[in-house]
Amino acid sequence: MFSYPPFEEEILSLLRNREEFVVIGHVSPDGDCLSSQMAMSSMLMKMGKTVHMANAGPFDRSEISHLRSDFLNHIDKDLKQRDPLIVVVDCSAPERIGHLAEEIEGLTTVVFDHHSSGVQFGTYRYIVPRSVSTTLIIMQLYKALDVEISKEIAEHLFFGFATDSGFFRFINAYRGETLRLAAELVDLGVSPNMMNDRMTGGKSLGYIKYLGKLIDRSESFFDGKLMLSSSYLYDNKQYITTDKPSDSLYTMLLSVQKVEIVLFFKELEEEKTEVGFRSSHQSNFNVGALAESFGGGGHKKAAGTTINKPIKEAKKLLLEAVEALLKA
Ligand code: 5GP
Ligand code: MN
C-alpha cells in the first residue's frame, strides 16, 4: 500500500524557523497549483509567519480570475533583500514559474511537487509523483507540522485533489489512501457536491459554443489511436476562448473508441503554439515523455508544452513523433 515518505528534517526546520516566506506556483495556474499555494500560505500564517504568494499568471480562467489580486506578479528588490524562504509548489521545472525564476535566484528554495518528469531544482525537494495532487502533499505537511486543517483549508486541499484526479476518475486500483484522504477532508466539512459546482460550473454560453466548435473540428489519425483538435487565433473573434476548454474536450475525445492519445493545439501567436497532451487509461503511451522531448513536461497521462512554431508545423512535428513512437 502506498504511503507518503517522511519529510526531511531540514525541510521541516526551515519551515518552522524562518520568518518570511514567498509561496510560488506555476504560470497559467490551475486548481491544484492555486489551491496548493493558498493551503501552504494559510499553514505558514497559522504558524505566525509573514507570507506572500506570487504567480506570474495569467489568471484568465473564470474559476480563478477573482484570485488575481491575492498574488504578487513580481518579487521586488526590498522583499528579496529580506531573504525570504521560497516555497515552490506544483512545478516540475524552474521555467514553469516564468519570470519569477530570475527574481528568486540565490534565495533558499524548497520545492513540493508531484510531477513525474522535469528538471530537478531548488535547494530542497519533496517530490512524490504518486501523489494525485500537490494539495495532498501539503495535507501531509499540515500533519507533520501539527497545524489544524480548518474547513476552508480542507476545501483548498480537496479542490486541488478534485482538479488533478478528474474528480476521482483518474485514480488507479490499490490507491485507497487517496480516497481515505479525501474522506478526511469531507469529514472536515468539504462538500464534494459544492466542489463540483465550483470546478465545472459558471461557464459562459460562449465557452460551451467554443467547445462544440473544437469537437466539430477534431480529427482522427493512426487508425483511430490519436485524436486532435485545434484552436486558432481567429476563434477569439467569435468565441470566448480564455477559459481553457481542454479538460472537457479531452474527456469527450478520450471517450471515442480506440483512442489512446489526444492532442490539443492552441495557436497563441503566429509562431507560438501551446500543445496539451492526454493518454487514455488503458494506453501505455507516455505523453509526459513526449511533451518533455518538445521542451515541456507533466505526467504519463497528462502533459503540456509550448512550441515556438506555427500551429501547422507544430502539428506536423507532433504527428511525426507520435507515428514513430507507435511504430517502435
Ligand atoms: P494542462 O493540460 O492541464 O494545462 O496540463 C497537464 C499537465 O501538464 C499538468 O501537470 C501541467 O503541469 C503539465 N504541463 C502543462 N503545460 C506544461 C508546460 O508547458 N511545461 C511543463 N513542464 N509541463 C506542462
Ligand atoms: Mn498538480
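Just follow the structure's listing: the first ligand is 1, and inside any ligand the first atom is 1.
- The side chain of His115, and not its backbone, has at least one atom closer than 4.0 Å to an atom of ligand 1 (non-hydrogen atoms only; side chain from C-beta on).
- Salt-bridge annotation for Glu155 and Arg198: present, with a side-chain N of the basic residue lying under 4.0 Å from a carboxylate O of the acidic one.
- Polar contact with ligand 1: absent for Gly295 (N/O pair, distance under 3.5 Å).
- Looking only at heavy atoms of the protein, atom 23 (N) of ligand 1 is closest to Gly297 O, 3.1 Å.
- Residue Asp146 qualifies as open at atom CG: its count of foreign heavy atoms under 6.0 Å is 12 or below.
- The ligand atoms of ligand 1 that sit less than 4.0 angstrom from a heavy atom of Ser92 are 22 (N).
- Using modelled atom types, one finds a donor on one side chain and an acceptor on the other under 3.5 Å when comparing Glu20 with His52.
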Go through it in stages, so that I can follow the logic: the residues are Phe59 and Phe71, the test is ring-ring contact (aromatic ring centres under 6.0 Å, His included), and I'd like the CA-CA distance, side-chain angles, deciding distance and then a yes or no. CA-CA 10 Å; Phe59 284 77; Phe71 291 81; 5.3 Å; yes
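- At a threshold of 2.8 Å, the Mn ion (ligand 2) has a backbone or side-chain N, O or S atom of His114 nearer than that distance.
- Judged by distance alone, the side chains of Thr134 and Asp90 do bring a donor and an acceptor atom under 3.5 Å apart.
- The protein heavy atom nearest to atom 19 (O) of ligand 1 is Thr305 CA, 3.4 Å.
- By the 30° and 60° cut-offs, the orientation of the rings of Tyr126 relative to Phe112 is tilted.
- By heavy-atom distance, the residue among Arg278, Glu292, Lys301 lying nearest atom 3 (O) of ligand 1 is Arg278.
- Among the heteroatoms counted here (N, O or S) of Asp164, OD2 is the one nearest to the Mn ion (ligand 2).
- Its N, O or S atom nearest to the Mn ion (ligand 2) is what matters here, and for Asp90 that atom is OD1.
- A cation-pi arrangement is absent between Lys225 and Phe222 under the rule of less than 6.0 angstrom and at most 45 degrees off the ring axis.
- Between the side chains of Thr109 and Tyr124, no donor N or O sits under 3.5 Å from an acceptor N or O.
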Salt bridge (Lys or Arg N to Asp or Glu O under 4.0 Å) between Lys77 and Glu103, worked out: CA-CA 9 Å; Lys77 279 201 182 109; Glu103 298 175 10; over 6 Å; no
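- Nearest protein neighbour of atom 11 (C) of ligand 1, counting heavy atoms only, is Arg96 NH2, 3.6 Å.
- Within Asp32, the N/O/S atom positioned nearest the Mn ion (ligand 2) carries the name OD2.
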For salt bridge (Lys or Arg N to Asp or Glu O under 4.0 Å), just list the numbers for Asp235 and Lys213, CA-CA rounded to whole Å, side-chain angles, deciding distance to a tenth of an Å, and then say yes or no. CA-CA 9 Å; Asp235 286 330; Lys213 187 74 208 172; over 6 Å; no
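- The nearest protein atom to atom 7 (C) of ligand 1, hydrogens excluded, is given as Ala302 O, 3.6 Å; this is a heavy-atom distance.
- Assignment of Asp30 to the shell around ligand 1 is not supported, since no heavy atom sits closer than 4.0 Å.
- Side-chain atoms of Lys266 and Thr273 form no donor-acceptor pair, as typed in the model, at a separation below 3.5 Å.
- The closest approach between any non-hydrogen atom of Gly276 and ligand 1 is not below 4.0 Å.
- With a 4.0 Å heavy-atom cut-off, ligand 1 is reached by no atom of Ala93.
- In terms of protein heavy atoms, atom 4 (O) of ligand 1 is closest to Lys244 NZ, 2.8 Å.
- Contact analysis puts Ala303 in contact with ligand 1, with a non-hydrogen atom separation below 4.0 angstrom.
- With a 4.0 Å heavy-atom cut-off, ligand 1 is reached by the side chain of His299 but not by its N, CA, C or O.
- Nearest heavy atoms, His115 versus Ser92: CB-CB, 3.5 Å.
- In this structure, Gly118 falls outside the shell of residues with a heavy atom less than 4.0 angstrom from ligand 1.
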